[in-house]
Every structure is written in C-alpha cells, then in structure tokens.
S.K.: 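Quick one: this structure, given as structure tokens, is what I'll be asking you about.
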Amino acid sequence: MNSPADLPQRPIVSVDLAIFALAPEGLEVLLARRGTEPFSGYWALPGGWIHVDEDRNLEAAARRVLSDKTGVATPYFEQVGIFGDAERDPRGWSLSVTYMALIAPDAVTLRHGGNVTDVAWHPIDGDTTMAPLAFDHAVILRAAITRLRNKVEYSTLPVHLLPEAFTLSELQAVYERLLGRLLDKSAFRKRIAEVDFIEPIAGEMRRASNRPAQLYRLKQAGSTVFFDRTI
C-alpha cells in the first residue's frame, strides 16, 4: 500500500462566488479584500474551502459560503464553471468551482472576518472592475458577467436582482439597464405575460407620481423561465 507521501499531490479546491446586485448606478459585484498572502490587500471574489464533513455537494458548499459572507440565501444560483491550473495560485495546483448569485442589495448584511479585512460592492465597468483582482478572478468574473448578460436576452433572470415585491416598470428598467437599450413598454409587458412567471400581490400597490402601481412577485421563488425568442 502506498504511503501518503507516495500519493499524487491533490489540488487546492475552493468555491468562489460572483455575487451580483443592481445599484442605481448599474451592475455591481461583491468583492472581499484579502488580509493574508497570497495577494494580501487585493480584492477577490468571496470564497471558501469545501467542508467535507458538512457540505453534501458543491452547491451546498457554495450556498454555505454565500450565507457566511452575506447573511442571505439567494433566490437565484447557478454554476458558472470550473477554473483550474498550476499557475493561478502560488501555493500550488488549484481549482475553483465558481457560482453566480443574483440578489437585491438591500437584502445583504456584509460580513468579513478570518483572512478578509473588508467587503464591498464594486461597480462593473464593461466586463470587469476597476480594482485589480487576486488569482485569476478577473477571468472568472468576466465569464460570469458574460453568462449573465447573455441570459438577459432570452430569460427571466433579471427579476432576481429585484426585491421580493416589484412593479412592472421596475422589472422593465432592470432589463433595460442590463441590455443597455430601451424596450417598448407594450411589447415588453406582452412578453412577460406570455411566460406567466409573476403574479400580482393582492391589495399591494406602490405610490407613484401619477397613480399607484401594482406590486408583483415571483410565482415560484428561485425559478427562471426561458423565452422562445429574444426579448
């Protein structure tokens, strides 16, 4: 039988999160400032090790890390990809299983501790942030942003950036900001009605400058519906 010293070296495995929210100024990503080497002082995507005695699978590990970092359980979660090679981490061969989370910014309680000295929302500029990122997190972030923007065209994904209750005008505004163009109001509402994924909240209205607006919510939390054609 081989001794532990004879076994091949195992890669470092982490779960990293591209957590997005929509601020008045545009799309933002949550970053954590590292307090230890490697890359001490650099911003990075929030992440953590897999707890083999606690996490039943990769998604459970990612959801635990998300809860630890933000205090919320996201309504939308999906795996972006697996990134790994011998160069991304100076400590040795490593891989990152990366998930994308969409949340409303007012639902987050930012937390930091351990090897993290600060956490903050950073604006997205094109397909990256102004802050230099640790490891290969700029590459990972670019992949997550591309995934998000591509899905905006043909799915209900943007609704997960809104609070639990929202108006149709607020939903349309999210699409427009992510797409970078205006949408025809009647055509947009027709498309939303066709896929039937939201419902009015009985008796709930939001005051507006002209008349109160009906509030809506998802029929099924965490669900995403795909259109038969781009919006």
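Numbers here simply count residues along the sequence, with the first being 1.
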S.K.: Within this structure, what is the CD-CZ distance for the pair Glu170 and Arg206, rounded to the nearest 0.5 Å?
M.R.: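 Nearest 0.5 Å value for the CD-CZ distance: 4.0 Å.
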
S.K.: Distance check, rounded to the nearest 0.5 Å: Arg191 atom CZ versus Asp184 atom CG?
M.R.: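 It comes to 11.5 Å.
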
S.K.: Does any non-hydrogen side-chain atom of Lys219 lie less than 4.5 Å from one of Ile198?
M.R.: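 Counting from C-beta outward, Ile198 and Lys219 never come under 4.5 Å.
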
S.K.: Should the pair Lys151-Glu78 be classified as a salt bridge under the 4.0 Å nitrogen-to-oxygen rule?
M.R.: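 Salt bridge present between Lys151 and Glu78.
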
S.K.: Angle class for the Phe39/Tyr42 ring planes (parallel below 30°, perpendicular above 60°, tilted otherwise)?
M.R.: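 Judged by the thresholds at 30° and 60°, the geometry between Phe39 and Tyr42 is perpendicular.
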
S.K.: Check whether any side-chain heavy atom of Leu95 lies under 4.5 Å from a side-chain heavy atom of Ile12, and answer yes or no.
M.R.: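 Counting from C-beta outward, Leu95 and Ile12 never come under 4.5 Å.
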
S.K.: Look at Glu153 together with Arg181 and state whether they make a salt bridge at an N to O cut-off of under 4.0 Å.
M.R.: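 Arg181 and Glu153: salt-bridged.
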
S.K.: Check Arg147 against Gln79 and note the closest heavy-atom contact, atom names and distance.
M.R.: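 For Arg147 versus Gln79, the nearest heavy atoms are NH1-O, 3.1 Å.
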
S.K.: Given 3.5 Å as the limit, does a donor-acceptor pair link the side chain of His137 with the main chain of Leu45, or not?
M.R.: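 Checked: pair present.
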
S.K.: List the atom of Val116, the atom of Ala32, and the distance in Å for their closest heavy-atom pair.
M.R.: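 Minimum heavy-atom separation between Val116 and Ala32: CG1-CB, 3.8 Å.
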
S.K.: Kindly write out the residues that satisfy salt bridge (charged side-chain N to carboxylate O under 4.0 Å, His left out) with Arg34, not counting sequence neighbours, or none if the list is empty.
M.R.: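 Not a single residue meets the salt bridge (charged side-chain N to carboxylate O under 4.0 Å, His left out) criterion with Arg34.
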
S.K.: Between CD1 of Ile192 and NZ of Lys190, what distance do you get to the nearest 0.5 Å?
M.R.: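 So the gap between those two atoms works out to 13.5 Å.
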
S.K.: So, for Ala21 and Leu161, which heavy atoms are closest and what is the spacing to 0.1 Å?
M.R.: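 Answer, listing the atom of Ala21 first, then Leu161: CA-CD2, 3.8 Å.
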
S.K.: Considering non-hydrogen atoms only, spot the tightest contact between Pro90 and Pro38 and give its length.
M.R.: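 Smallest heavy-atom distance, with atoms named: CG-CB, 3.5 Å.
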
S.K.: Between Phe135 and Val97, is there a shared hydrophobic cluster once you connect ILVMFWY residues whose side-chain heavy atoms come closer than 4.5 Å?
M.R.: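 No, Phe135 and Val97 fall in different hydrophobic clusters.
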
S.K.: Taking atom types as modelled, is there a side-chain donor on Ser96 or Asp16 under 3.5 Å from an acceptor on the other?
M.R.: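 Yes, side-chain donor-acceptor contact under 3.5 Å.
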
S.K.: When rounded to the nearest 0.5 angstrom, what is the spacing between CD1 in Ile124 and CG in Leu141?
M.R.: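 Here the rounded value is 4.5 Å.
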
S.K.: Can a donor-acceptor pair be found, under 3.5 Å and without considering hydrogens, that links the side chain of Gln172 to the backbone of Leu183?
M.R.: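 Present.
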
S.K.: So, the side chain of Glu164 versus the backbone of Arg217: is there a donor-acceptor pair under 3.5 Å, distance only?
M.R.: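 Side chain of Glu164 to backbone of Arg217, a donor-acceptor pair under 3.5 Å: no, none is there.
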
S.K.: Kindly assign one of parallel, tilted or perpendicular to the pair Tyr175 and Phe188, based on the angle between their ring planes and the thresholds 30° and 60°.
M.R.: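 Perpendicular, since the angle between the ring planes exceeds 60°.
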
S.K.: Do Val195 and Leu218 belong to the same hydrophobic cluster, where Ile, Leu, Val, Met, Phe, Trp and Tyr are linked whenever their side-chain heavy atoms lie under 4.5 Å apart, directly or via other members?
M.R.: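 Both belong to a single hydrophobic cluster.
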
S.K.: I need the minimum non-hydrogen distance between Ala61 and Val15, along with the two atoms involved.
M.R.: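 Minimum heavy-atom separation between Ala61 and Val15: CB-CG2, 4.0 Å.
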
S.K.: Without swapping roles, check the side chain of Asp136 against the backbone of Val139 for a donor-acceptor pair under 3.5 Å.
M.R.: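 Here the side-chain-to-backbone pair does not exist.
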
S.K.: Atom CG in Leu157, atom CG in Leu148: separation rounded to 0.5 Å?
M.R.: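 Answer for the CG-CG pair, Leu157 versus Leu148, is 5.5 Å.
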
S.K.: Cut-off 3.5 Å, side chains only: do Thr117 and Arg33 have a donor facing an acceptor?
M.R.: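 There is no such pair between these side chains.
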
S.K.: Indicate yes or no: at least one non-hydrogen side-chain atom of Arg88 is less than 4.5 angstrom from one of Ile140.
M.R.: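 Sidechains of Ile140 and Arg88: in contact.
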
S.K.: Quick one: does Val159's side chain get under 4.5 Å of Phe166's, heavy atoms only?
M.R.: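 SC-SC contact between Val159 and Phe166 confirmed.
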
S.K.: If only atom types and distance count, is the side chain of Gln220 paired as donor or acceptor with the main-chain N or O of Phe197 below 3.5 Å?
M.R.: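 Flag not set: sc Gln220 to bb Phe197 has no pair under 3.5 Å.
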
S.K.: Considering only distance and modelled atom types, tabulate donor-acceptor pairs under 3.5 Å from the side chains of residues 224-231, sequence neighbours left out.
M.R.:
unit_1 : atom_1 : unit_2 : atom_2 : d
Thr224 : OG1    : His160 : NE2    : 3.3

S.K.: Are any of the side-chain heavy atoms of Met100 and Phe77 separated by less than 4.5 Å?
M.R.: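 Result no, sub-4.5 Å side-chain heavy-atom pair not found.
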
S.K.: Between Thr146 and Asp127, does a side chain to side chain contact (heavy atoms under 4.5 Å, CB included) hold up when you go through it step by step?
M.R.: CA-CA 8 Å; Thr146 299; Asp127 59 0; 5.5 Å; no

S.K.: With side chains defined as the heavy atoms from C-beta onward, is the minimum distance between Phe20 and Glu28 less than 4.5 Å?
M.R.: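 Phe20 does not reach Glu28 side chain to side chain.
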
S.K.: Where the side chain of Asn57 meets the backbone of Ala60, is there a donor-acceptor pair that is under 3.5 Å apart?
M.R.: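 Yes.
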
S.K.: Decide if atom CD of Glu87 counts as having more than 12 heavy atoms of other residues, nucleotides or ligands within a radius under 6.0 Å.
M.R.: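 For Glu87, atom CD is not crowded (no more than 12 foreign heavy atoms under 6.0 Å).
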
S.K.: So do Val119 and Leu31 actually touch side chain to side chain, heavy atoms under 4.5 Å?
M.R.: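 The answer is no, as the side chains (C-beta and beyond) never meet within the 4.5 Å cut-off.
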
S.K.: State, with a plain yes or no, whether a side-chain heavy atom of Val29 is found less than 4.5 Å away from one of Ile19.
M.R.: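 The answer is no; the side chains never approach within 4.5 Å.
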
S.K.: Look up atom CG in Leu171 and atom CZ in Arg189, then write down how far apart they are to the nearest 0.5 Å.
M.R.: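 Atom-to-atom, Leu171:CG and Arg189:CZ are 9.5 Å apart.
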
S.K.: Which pairs pass salt bridge (charged side-chain N to carboxylate O under 4.0 Å, His left out) with one or both residues in residues 90-102, sequence neighbours excluded?
M.R.: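 Qualifying pairs, neighbours excluded: Asp89-Arg91.
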
S.K.: Go through the steps for Arg149 and Leu178 under the test side chain to side chain contact (heavy atoms under 4.5 Å, CB included), then give the verdict.
M.R.: CA-CA 7 Å; Arg149 287 181 171 156; Leu178 292 176; 5.5 Å; no

S.K.: Give the cluster check for Leu17 versus Ile82: same hydrophobic cluster or not, with ILVMFWY residues linked at side-chain heavy-atom distances below 4.5 Å.
M.R.: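 Shared cluster, yes.
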
S.K.: In the single-linkage hydrophobic clustering (I, L, V, M, F, W, Y; side-chain heavy atoms under 4.5 Å), do Ile50 and Val65 co-cluster?
M.R.: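 Yes, same cluster.
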
S.K.: Which heavy atom of Ala86 sits nearest to which heavy atom of Trp93, and what is that distance?
M.R.: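 Ala86 and Trp93 have their closest heavy atoms at CB-CD1, 3.5 Å.
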
S.K.: When you check the side-chain N and O atoms of Ser169 and Thr167, is any donor under 3.5 Å from an acceptor?
M.R.: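 Short answer, no.
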
